[in-house]
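Quick caveat, the model's predicted, so the values are computed rather than measured. Both counts, for ligands and for their atoms, begin at 1 and track the order of listing. The first residue of the sequence shown is numbered 1, and numbering continues consecutively from there. Both backbone and side-chain heavy atoms feed into the values below; hydrogens, waters and symmetry mates do not.
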Amino acid sequence: MSEMRIRPRQVLILIIVFLVILLLVHRNGKRTCQGPEFLQAIYAKQTENALPKIYAITPTYSRPSQKAELTRLSHIFMLMPNLHWILIEDSNTTTKVVRNLLTRAGLTERSTQLNIKTPLNYKLKNKDPNWLKPRGVEQRNLALSWIRTNVDPAEHSVIFFMDDDNSYSVELFVEMTKIEPGRVGIWPVGLVGGLMVEKPILNAENTQVIGFNAAWRPERPFPIDMAAFAISTDLLFKYPQAQFAYEVERGYQESEILRHITTREQLQPLANNCRDVLVWHTRTEKTNLVSEIKLNKDGKHSDVGMEV
Ligand code: UDP
Ligand code: MN
């Protein structure tokens, strides 16, 4: 019977062995975490502090689908550790919906919640009667001034205008980390301008943009969508006048900011020499609330006590 007795020293050894195994499993689990190689590379660079910060600028406004749109976007921030989200609400105050969303996504430290309402007299400033509302102008400009005040000009970072209803691949943000100081990165955008894809046309060496395939207003200086480019932040400090404007014609906002800070020749082609589509200009249809409106007439709501 006596040889069956476990001595305290053996217990200690067993505990140590157990802890070592636990540590090894834990470390191994970290190293082989699921996900594509491009994300593994991002995490490795993050540990080395070798990733530029990306400021994603999102104008947003209250409507039934707002939380759904922003939830979709928030998952990209959960995957990319170097992203900072600047959300600018088109309203007189910041809202609880946006605040709650940022909290639940664990993004309070990596986000900035701003607000500015689009003024009602914007139509007067605009000559084109078909261009009813220049969306996001005021909000993006507020974000630009926030960046010019709060970002360290000495640190390399990137800014991107991330509308809330588009569809983005995480890979697009990986591409943005390749943007060089002093340059504007550019790539194709799917489902926009009446085409399957709007894209830059490159020279034979794939080093320079020599044109664009745009079908809608191809005469624009930069006939591209807001989602087609991201800017090295040093350019904002170098060209303090660069921003958006109400006075410009429909489709000219992209050209309005870019004309100050770059030329076609200086653009940096990304996304596999502009052959990969990593962002799509999707648009969400207006939510059908016919039955909700009927309920409301009887003083009832389907979402009592719930945030949808
Ligand atoms: N937006 C806004 N206020 C508005 C309408 C739009 O702040 O009254 C925001 C919207 O949330 C989006 C951006 O501006 O992030 C562009 O708007 P939208 O997606 O409607 O434009 P489009 O798809 O036509 O480019
Ligand atoms: Mn949109």
Side-chain angles (χ1 to χ4, degrees), residues 54-77 83-95 97-99 101-102 111-126 128 130-146 159-169 172-173 188-198 214-217 220 222-230 243-246 248-258 277-287:
I54 299 170
Y55 295 91
I57 296 173
T58 304
T60 186
Y61 68 108
S62 177
R63 73 259 196 213
S65 63
Q66 185 186 28
K67 189 177 176 183
E69 307 279 22
L70 294 178
T71 299
R72 246 164 17 122
L73 260 53
S74 72
H75 298 157
I76 298 169
F77 291 81
L83 277 187
H84 184 95
W85 202 358
I86 305 177
L87 277 149
I88 321 95
E89 299 188 59
D90 186 351
S91 64
N92 290 323
T93 53
T94 55
T95 64
V97 172
V98 174
R99 198 162 23 257
L101 183 123
L102 290 170
S111 63
T112 304
Q113 197 184 352
L114 304 172
N115 69 282
I116 189 163
K117 198 165 172 58
T118 301
L120 288 168
N121 63 347
Y122 57 83
K123 276 182 205 164
L124 303 174
K125 290 189 195 169
N126 209 292
D128 181 353
N130 296 322
W131 187 217
L132 293 175
K133 190 167 187 175
R135 304 183 184 95
V137 171
E138 205 75 45
Q139 292 74 28
R140 291 189 193 104
N141 280 345
L142 180 64
L144 289 177
S145 75
W146 184 91
I159 63 156
F160 174 57
F161 300 105
M162 186 188 200
D163 284 1
D164 64 2
D165 59 340
N166 293 337
S167 305
Y168 305 89
S169 163
L172 182 68
F173 297 87
V189 177
L191 317 179
V192 72
L195 295 173
M196 280 303 288
V197 56
E198 261 187 10
W216 186 70
R217 300 209 168 180
R220 289 175 290 166
F222 295 91
I224 54 174
D225 188 70
M226 200 63 77
F229 63 93
Q243 61 165 3
F244 299 96
Y246 284 114
V248 303
E249 264 183 81
R250 184 178 184 182
Y252 277 72
Q253 291 296 349
E254 296 82 358
S255 299
E256 180 57 23
I257 186 158
L258 290 175
V277 177
L278 303 174
V279 52
W280 299 261
H281 188 260
T282 47
R283 302 187 75 189
T284 304
E285 72 170 68
K286 202 166 179 286
T287 310

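Residue D90 has at least one N or O atom closer than 3.5 Å to an N or O atom of ligand 1. By the 3.5 Å distance cut-off applied to N or O atoms, R140 is not counted among the residues near ligand 1. Below 3.5 Å of separation, one finds an N or O of D164 facing an N or O of ligand 1.
Judged purely by atom type and a 3.5 angstrom limit, T282 uses its side chain to pair as donor or acceptor with the backbone of S167. Distance alone, capped at 3.5 Å, is enough to place a donor-acceptor pair between the D90 side chain and the T118 backbone.
For D164, the side chain to side chain donor-acceptor pair (under 3.5 Å) partners at least two apart in sequence or on another chain are T60, R63. Taking T95 as the reference, E89 meet the side chain to side chain donor-acceptor pair (under 3.5 Å) condition, with sequence neighbours excluded. The salt bridge (Lys or Arg N to Asp or Glu O under 4.0 Å) check on R72 picks up E69, with sequence neighbours excluded.
Heavy atoms of T60 approach ligand 1 to within less than 4.0 angstrom. In this structure, T58 falls outside the shell of residues with a heavy atom less than 4.0 angstrom from ligand 1.
The only member of I116, I86, N115 that meets side chain to side chain contact (heavy atoms under 4.5 Å, CB included) when paired with L142 is I116.
Distances from atom 25 (O) of ligand 1 to the heavy atoms of H281, Q66, R283 put H281 nearest. In this structure, of S91, S62, A227, P59, the residue bringing a heavy atom nearest to atom 9 (C) of ligand 1 is P59.
The distance cut-off of 2.8 Å around the Mn ion (ligand 2) captures these protein N, O or S atoms, sorted by chain and number: D165 OD1, D165 OD2.
Both the backbone and the side chain of D163 come within 4.0 Å of ligand 1, counting heavy atoms alone.
There is no side-chain donor-acceptor pair under 3.5 Å between D165 and T284.
Each of the following atoms of ligand 1 lies closer than 4.0 Å to a heavy atom of D165: 19 (O), 23 (O).
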Exercise. Assess whether side-chain hydrogen bond (donor to acceptor under 3.5 Å, both in side chains) is satisfied between H84 and S111, documenting all intermediate values.
Key: CA-CA 5 Å; H84 184 95; S111 63; over 6 Å; no

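Residues F161 and I159 share a closest heavy-atom pair of CZ-CD1, 4.0 Å.
If you look at Y252 and F222, their ring centroids are not closer than 6.0 Å.
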